[in-house]
Each structure stands twice: as structure tokens, then as C-alpha cells.
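Order of the sequence lines sets the chain letters (A, B, ...), proteins ahead of strands, with each chain counted from 1. Keep in mind that what you see is a predicted model, and the values were worked out from it rather than measured.
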Protein chains: 2
Amino acid sequence: MLGVLGGMGPMATVDFMAKVVRNTPATRDQDHIPMVVCSAVRIPDRNAAILGDGADPFPAMRETLLSLEAAGASCIAIPCNTAHHWHTALQAETSVRILHIVDAVVDTLVTGDGDCIGVLASSGTVEAGIYRTRLARRGFACRVPDTAGQAEVMRAIRLVKAGQVAEAAIILREQAEALVAAGCGRIVMACTEIPLALASIEGGLHPLLIDATEALARACVEACSVSAKAPALPLAA
Amino acid sequence: MLGVLGGMGPMATVDFMAKVVRNTPATRDQDHIPMVVCSAVRIPDRNAAILGDGADPFPAMRETLLSLEAAGASCIAIPCNTAHHWHTALQAETSVRILHIVDAVVDTLVTGDGDCIGVLASSGTVEAGIYRTRLARRGFACRVPDTAGQAEVMRAIRLVKAGQVAEAAIILREQAEALVAAGCGRIVMACTEIPLALASIEGGLHPLLIDATEALARACVEACSVSAKAPALPLAA
């Protein structure tokens, strides 16, 4: 059973679940992956905490993680990029595997994607180096918007959380195009709010975008399918 | 915290959650309703069980219900119309309020909607009289497709579960139009798979449709907002 430490934000969790369902080969309910989902919306703001301007979200994330474990999750996903700043600390609290969203993204990259990957993320994700570190391990450099551009990305993320998706899309498209102009071969939508605004855009930018939520969903389907195919316990002799 | 006894089917649960989020007045994550969701996809087919052709889903629904209660749900929703055949039996197992999807729908009806309400539902929902009974209590008659039409509705529901939404929409539109032609003032999409196919259709039929999933989501937002506004315990004197 897939456990989802969600609610960061709630619509991003819904988007992630939809991507898990759509990526599962199934013709009836019973073919799908069982999930237990906590939409723990009261977890304090991750971005603010990383930037030193808010309460520590770790205790609430830990509590939610343990309730997913108690509910029987055999594999856990966190559809919030910024929350992955606490991935190592959360993994230390449980023996249940917590998939890492950046590993799921990096697994989709190929050499032809160029040396430099653009990252549209929350300022907390950028500041904590969540993408930079794991991209570098696989030989990819990473570029983020300049200070003014990054402030615009944060404004767009907040607009999505407030339901103002169309306005956010205009801002995000502009920042993505600036990264392409600066030489990035692919652009990661590295905040789960961003695909809610940018995924349906059309034109030349679209094929360059990588949806981190989709990458995590596919990795979860694969992880859960592998465990479903594990040999069953032998029947009593 | 809203508990969701879901997975019947999984995309219908996602659709329900999206409708809860969209109907919640919020500008940031922390304004939203906390949810715990079980996508219990292995619950045996409800429709088959009512028609005497499948395993009893009640034990699996009861187990999921109790895990939602254990996780702290203070109000529970079941985004599956057919599953409401077991609503009374499930409610008897817990002191946590389980909202009823048909009550949520009936609460949206007004006298001007005509004496006869069309119902597009699974054959199990029709056979069990889930809508007929509760509509009658409020003075509304109920009409469902004829035998051949009802078989078509069931085929469309299965197509949605298999991801073939466009084909399902054609069938459902035809059945809905037949109910309108037979004198129904409003048509309830009374299976949570149906809005996944029919909600975005355009034309004269659209304003006559009632989305049971949306009605349940709004009832949940209201129920959870009321409990959030309940007076807090007095501080220690």
C-alpha cells in the first residue's frame, strides 16, 4: 500500500494521486494501487522554515509519517519538493522506504538533455540545494532564476495555492523561457504547485518541461508493482 | 479531520478530493480541511454484490471505516453512490458521522426542479432503491433508464473505470437526454464515475445535471467548517 504524506499543498496531493491512478495499468478498481493519504494541511510552511522565517515543520511531518506507517504503508511518497529538505531525517524515523522526488526526476534525464538543467522551485528548495546536490551526483549542472526571477516564481507558487492559476502560468512561463534562453536543455517543474499552472501550456516550451509530480507518481507505480510481484509466501505444505 | 472511505473507484476519490479543495475558501495550505483518505481499491465490487453476483464488500468497508476512525476522522464521506447501500450498517459501527451522498443531493433540489428527477446510476444503486427512497421522502419522484438504457449506463461506468472516458460520455449523454425527453427536470449523475465523463459536456443538457460528488464535497466542507467554528474548550481559569 502506497502511503502519501500530503497536503503540501492539498491540490498538489490530488494532482499526484491522479497521476498515480493514470499511470497504473488497470481496467477495474481492484487493479489499482491501494493508497492511504494524509492531507496534513496544518504542517507549517516548509519554505518559510528553510528561510529561517517560520515554525519547524518536522514534528508534524514525523507524526503524519508514523500514522501512515501505522496504517500499513509499505512505501511512502511526499508530493512536495520543498519537504524533501527533511527526507533524510524522516527516513531515519521509519524502515518504510520513502521515495525521493529528485531521484525520480533525475532517473528521467538522459545525456541528450544538455549539461544544464533549469529548476523552477520554491526559494526554500533552491536555498537548501535539494536539486543542485542530487543533479550534481549524476553529472548535471543546475540553473535557477536570478534573484528577481526567483521572487516571481515564489509569487506564482502562492497564487496557485490561492487558486489563481492563470496569473501564475504567465509568470512561470516567462521564468521558464528565461532559463531556456540561458542555455538550459530541460526545465524541471520542481514545486508540486507549478504543474497545476504550467502543465497544460502549449507551444515550444512544453516538450522541455519535466513534471516532478509525474516522475514521482511513475516511480511509485513501479515500486508498488515490484512489491506486488514479489513471490507470495509458500502455501502450507 | 475529514475521513474518506475511497477507492471505489480511485479516480472518483481523486475527483471528490479536488471538489473538496476547490469548495474550501482558502488562500494557503493551512486554511484547507485536513483529510485522511483510504483508497481501498480492493473492496469487492458493490454493484455485483447488490445484484447477487459477487463477494460481500461490507467487511472490507467496515475495516477501512474503522481505520479512518482510528486515524482521527471526525466526519466521514464515501465517494461511491452504490456503497451507500451499506450506509446504515456502516453508521451502526461508528459514532463518527457518515454523511449520506443522497441527502447532499436532495438538499440541492428546489421545488422548481419538477416532480420527477432522473437518476443515472449503477444497476446496484437502482436495484437497492438508494435514490428512490430518499427522494420520495422529500416528495420527489424518480425515473431511471429502461432495461436496455440501464445496461448502457453500466457499460459506460465500466468504460470510465478502464479510462475510456470519451466513449462513456457519448453513451451517458444519450441516456440523460432520454430522461429529459421523458419529463425529468433534473438529472442526477448518481455514480461517482459519471461526472468524470459527463461533467464537461456543453450544450443545453449541462445546466440540468446535478453532480452528486460535488454535492457531497460541499456538504463535507460545510460540516467541517461548522465543527472548526465550534466553541473552543475554555482555557484553564
Side-chain angles (χ1 to χ4, degrees), chain A residues 1-4 6-48 54-55 57 60 63-64 67-68 70-73 80 157-164 193 196, chain B residues 1-4 6-48 54-55 57 60 63-64 67-68 70-73 80 157-164 193 196:
Chain A
M1 180 160 64
L2 176 62
V4 182
M8 305 180 281
M11 196 55 97
T13 292
V14 170
D15 181 48
F16 169 74
M17 291 172 69
K19 285 166 180 166
V20 170
V21 174
R22 275 201 289 271
N23 280 290
T24 305
T27 57
R28 47 178 206 140
D29 297 352
Q30 292 77 12
D31 297 335
H32 281 273
I33 297 167
M35 288 191 246
V36 54
V37 182
C38 288
S39 188
V41 293
R42 305 229 169 113
I43 293 175
D45 188 294
R46 289 67 58 195
N47 185 64
E63 186 187 340
T64 309
S67 72
L68 291 171
C80 170
I157 291 170
R158 289 197 193 96
L159 284 167
V160 175
K161 284 187 189 288
Q164 295 171 58
E193 307 296 322
L196 300 178
Chain B
M1 180 160 63
L2 177 62
V4 182
M8 305 180 281
M11 196 56 97
T13 292
V14 170
D15 182 48
F16 169 74
M17 291 172 68
K19 284 166 179 167
V20 170
V21 174
R22 276 202 288 271
N23 280 292
T24 306
T27 57
R28 48 179 205 139
D29 297 350
Q30 292 77 11
D31 297 336
H32 281 273
I33 297 168
M35 287 191 247
V36 55
V37 182
C38 289
S39 187
V41 292
R42 303 224 172 116
I43 293 174
D45 188 293
R46 288 68 58 196
N47 184 63
E63 186 187 339
T64 309
S67 72
L68 291 170
C80 170
I157 291 170
R158 290 197 193 96
L159 284 168
V160 175
K161 286 188 189 285
Q164 294 173 57
E193 307 297 322
L196 300 177

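In this structure, no portion of L2(B) lies under 4.5 Å from any heavy atom of chain A. Using a 4.5 Å cut-off between heavy atoms, A71(A) does not touch chain B at all. I33(A) touches chain B through its backbone: at least one of N, CA, C or O sits under 4.5 Å from a heavy atom, while the side chain does not. Contact annotation for I43(A): only backbone heavy atoms (N, CA, C, O) come within less than 4.5 Å of a heavy atom of chain B.
Across all non-hydrogen atoms, the minimal contact from D29(B) to G9(A) is OD1-CA, 3.3 Å. Taking every heavy atom of both residues into account, Q30(B) and R46(A) meet most closely at NE2-NH1, 4.2 Å.
In terms of the salt bridge (charged side-chain N to carboxylate O under 4.0 Å, His left out) criterion, D45(B) has no residue partners (sequence neighbours excluded). For R28(A), the salt bridge (charged side-chain N to carboxylate O under 4.0 Å, His left out) partners at least two apart in sequence or on another chain are D31(A).
Interface summary for chain A: among Q164(B), H32(B), R22(B), R158(B), the most heavy-atom pairs under 4.5 angstrom belong to H32(B). Contact count against chain A (heavy-atom pairs under 4.5 Å) is highest for A162(B) among C38(B), P44(B), A162(B), A26(B). Heavy-atom pairs under 4.5 Å with chain B peak, among S39(A), A18(A), G7(A), at S39(A).
Expressed to the nearest 0.5 Å, how far OG1 of T27(B) lies from CG of L159(A) amounts to 11.0 Å.
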### Test side-chain contact (heavy atoms from CB on, under 4.5 Å) applied to V37(B) and M35(A), step by step
CA-CA 8 Å; V37(B) 182; M35(A) 288 191 246; over 6 Å; no
